[in-house]
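Report on the following structure.
Every chain is numbered from 1, with letters handed out A, B, ... down the list of sequences.
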Amino acid sequence: MTNAHHATIVEEIATILANVQHPGDQFVMRVHAPKIAQKALPGQFVHIQVSPERPMRRPISIMLTNPEQGTVDLLIKAIGEGTERLRQRKVDEQLPMMGPIGHPFDLADPSKRYILIGGGVGIPPMIFVADHLQGQAETILFAGSEVPFPFALKPSTFLLPGIDSSVKMTIASLESRDIPCRLASKANMHGCFDGYVADLARSYLQALPQEERQRCVLLSCGPHPMLQSVAKLAHDLNIPAQLSLEEHMACAIGGCAGCVVETLEQGKRYYRRICVDGPVFDLNILPEFAA
Amino acid sequence: MMTAPLFEPTSPDLSTTFAGLTLQTPLVLLSGCVGFGDEYTRIEGYSHAHVGAVILKGTTLEPRMGNKPHRVYETPSGMLNAIGLQNPGARYVIDEILPKLPHDQTQFWANANGSSLDEYAEVARIFDDSPVTAIEINISCPNVKEGGVHFGNDPCMAAKVVAAMRAATSKPLITKLSPNNADIAETARLCIEAGSDGLSVINTLVGMAIDIEQRTPVIGNISGGLSGPAVKPVALWKIHQTRAIAQKHNIPILGQGGLTTPKDAIEFALVGSQALGLGTGLFYDPLLCGKVLKGLRDYMVRHDIARYEDLVGMLQQP
């Protein structure tokens with residue numbers, strides 16, 4: 001008897017091709033992991049052994065893949081011992097890496113307009129979604145950060161309703177692919193919205209005609225307070241939302257039930273595993289983000 | 001699906017007998033680490049043919065939600081966990097999960113839990129009429145408020161749990177002993193006399209971790225069970241302490257606690273483990289089983305040992 005999930009996750013020894021350091025303890029790592037690059041979908045993650053001395057793996061969102069080159073890009077912030085060890089790893093070193101793991105974003109309906117809201121190291125899965133949807137469905141990305149964005153930025157030529165013309169900076173790689181994007185920060189960054197990213201998205205959504213707003217779906221990943229603001233936005237404007245969550249993780253294949261979130265489904269409470277039941281969940285089943 | 005033979009016909013015999021059962025290899029995937037038996041098949045290259053048995057997640061009579069997060073945290077050379085026996089209840093496991101497992105590829109064992117003697121006995125009775133080939137008795141879970149380690153730390157109470165379950169099932173019973181116990185050999189003796197057919201040694205040690213920025217315990221349950229290489233020396237010593245009484249009654253030990261390398265597996269075999277439990281090591285490497293089997297085989301060939309069972313307990317006095 002074979003279940004659909006059998007052999008969906010690959011264990012690969014990935015080789016580090018680049019590890020570029022950015023301000024705020026951020027780093028962008030490109031690895032050669034051809035099997036994972038081939039299979040990954042937006043919202044999925046990899047589970048990395050950061051060093052032999054800290055053998056428990058760390059779950060890291062996938063930012064971008066290149067199936068032809070066999071590469072996977074990751075944006076990581078060193079926040080503890082594990083991610084700090086990963087930050088110090090060098091080009092040509094090898095990393096045991098499991099992936100792709102998890103329930104991806106539901107992007108099946110091309111008639112929708114996907115509003116992507118990412119904060120900090122929650123930005124990477126939003127970039128993967130934007131890349132995936134390019135030419136498939138309308139996509140707009142809003143990104144927030146309190147440390148300098150680890151991307152090349154440039155002024156955007158796209159006009160977005162509800163957003164002041166002084167808020168013009170975008171991620172250059174998205175602009176070149178015709179994906180509209182705006183940035184938010186409370187750290188006084190030139191050309192960025194001075195405030196929270198959920199408020200930036202709210203300005204845009206409130207300026208839309210009702211029938212356009214009704215076609216929107218919010219997809220979001222980021223710190224918990226930001227996700228709460230995104231949830232409030234979804235509730236206030238009655239827009240469906242999918243949130244990508246994180247939690248300490250051990251096995252990442254559904255075996256240990258270590259990484260759970262409480263859900264409320266048909267009136268019953270459950271703890272669902274973020275690794276394989278998520279990391280992407282429909283807002284409607286998450287009581288901690290209820291209206 | 002056909003699985004290729006693991007080894008050449010001339011390879012050492014890695015099968016082992018345990019509590020009257022024949023295991024195709026000595027490796028046993030431990031309860032709480034491998035869900036309800038199917039989860040590791042998500043990994044390309046994982047094969048049930050590598051393991052002698054898979055022990056299902058701890059199961060109670062009624063469903064349990066488990067503890068609030070955080071439930072896991074890495075510590076030096078190990079990890080803490082406090083899952084809190086999240087499970088859908090024994091009836092659901094039998095009706096919905098067991099029928100879908102490939103019982104022709106490996107054996108599946110239950111792991112029974114309760115907060116009263118009656119509950120332990122009822123769980124045993126329910127699993128008695130199911131395809132599991134053995135039932136592990138968890139009297140050593142440190143992460144629940146009632147039952148668990150509170151039974152396991154009292155040798156007489158531990159034996160009462162075994163006796164209650166013995167009366168409820170004819171399947172082999174394997175008692176999982178706590179290292180937090182003052183005299184593990186005495187608990188083992190009482191459990192064997194109460195009808196235990198095998199012993200799992202050891203469950204986790206109780207510990208905690210602290211977040212200095214939040215000034216809170218990291219684990220939602222405050223304390224958790226420590227596993228991984230940090231506990232391996234404790235596990236070896238507890239198996240060594242338990243071995244004499246187990247041997248006297250011809251009762252096998254499922255050795256476990258920080259086994260993460262082929263060398264560890266040989267150490268656990270030498271100290272007297274008729275079967276070898278893998279838990280946290282799978283989190284380090286989901287394809288650990290094949291590597292441990294290869295290491296065992298290479299060692300046995302090098303030392304001219306024909307059968308795994310000949311390796312068990314070969315430890316010499318210094």
In the structure I gave you, are the side-chain heavy atoms of [X] and [Y] within less than 4.5 Å of one another anywhere?
{"X": "A/Pro55", "Y": "B/Phe283", "value": "no"}
{"X": "B/Asp38", "Y": "A/His5", "value": "yes"}
{"X": "A/Val260", "Y": "B/Gln86", "value": "yes"}

Heavy-atom contact with chain A under 4.5 Å, split by part of [X]:
{"X": "B/Met65", "answer": "both"}
{"X": "B/Leu287", "answer": "side chain"}
{"X": "B/Pro76", "answer": "both"}
{"X": "B/Phe36", "answer": "neither"}
{"X": "B/Asp104", "answer": "neither"}

- Task: Select one option (side chain, backbone, both, neither) describing which atoms of A/Val261 are under 4.5 Å from chain B's heavy atoms.
- Result: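 For A/Val261, there is no contact with chain B at all, as no heavy atom is under 4.5 Å.
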
Taking atom [atom1] of [X] as the centre, report whether more than 12 heavy atoms of other residues, nucleotides or ligands fall under 6.0 Å from it.
{"X": "A/Arg30", "atom1": "CZ", "result": "no"}
{"X": "A/Gln26", "atom1": "CD", "result": "yes"}
{"X": "B/Ile222", "atom1": "CD1", "result": "no"}
{"X": "A/Tyr196", "atom1": "OH", "result": "no"}
{"X": "A/Ile13", "atom1": "CD1", "result": "yes"}
{"X": "B/Tyr73", "atom1": "OH", "result": "no"}

- Under 4.5 Å, counting heavy-atom pairs only, tell me which of A/Glu247, A/Arg57, A/Arg54 racks up the most with chain B.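 Highest number of heavy-atom pairs under 4.5 Å: A/Arg54.
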
- Message: Before you tell me yes or no, could you show the steps for A/Met56 and B/Thr280 under side chain to side chain contact (heavy atoms under 4.5 Å, CB included), namely the whole-Å CA-CA distance, both residues' side-chain angles and the distance that decides it to 0.1 Å?
- Response: CA-CA 9 Å; A/Met56 292 292 289; B/Thr280 303; 4.3 Å; yes

- Query: Does NZ or CZ of B/Arg71 come closer than 6.0 Å to the centre of the six-membered ring of A/Tyr271, within 45° of the ring's axis?
  - Reply: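 Yes, cation above the ring, under 6.0 Å and within 45°.
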
- Task: Let me see the working for A/Glu262 and B/Lys68 under salt bridge (charged side-chain N to carboxylate O under 4.0 Å, His left out), right down to the final yes or no.
- Result: CA-CA 8 Å; A/Glu262 189 181 334; B/Lys68 65 181 179 182; over 6 Å; no

- Item | Evaluation steps, salt bridge (charged side-chain N to carboxylate O under 4.0 Å, His left out), between A/Arg273 and B/Glu39 | CA-CA 12 Å; A/Arg273 301 160 299 183; B/Glu39 302 299 348; 3.0 Å; yes

- Message: Please check this pair: side chain of B/Glu44 against backbone of A/Ile9, looking for a donor-acceptor N/O pair closer than 3.5 Å.
- Response: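 No: the side chain of B/Glu44 does not pair with the backbone of A/Ile9.
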
- Message: Determine whether a donor-acceptor pair (N or O, by modelled atom type, separation under 3.5 Å) exists between the side chain of B/Arg42 and the backbone of A/Ile253.
- Response: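 Confirmed, B/Arg42 side chain pairs with A/Ile253 backbone.
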
- Query: Are A/His248 and B/Val218 close enough, and set up right, to give a side chain to side chain contact (heavy atoms under 4.5 Å, CB included), and what steps lead you there?
  - Reply: CA-CA 10 Å; A/His248 294 181; B/Val218 174; 3.8 Å; yes

- First locate atom CD of A/Glu11, then atom CD1 of B/Ile43, and finally report the distance between them rounded to the nearest 0.5 Å.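 Reported value, rounded in 0.5 Å steps: 7.0 Å.
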
- Task: To the nearest 0.5 angstrom, please state how far the CG atom of B/Leu282 sits from the SG atom of A/Cys251.
- Result: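 Answer rounded to 0.5 Å: 9.0 Å.
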
- Can you tell which of B/Pro69, B/Gly279, B/Gly66 has the highest number of heavy-atom pairs within less than 4.5 Å of chain A?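 Of B/Pro69, B/Gly279, B/Gly66, B/Pro69 has the most heavy-atom pairs under 4.5 Å with chain A.
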
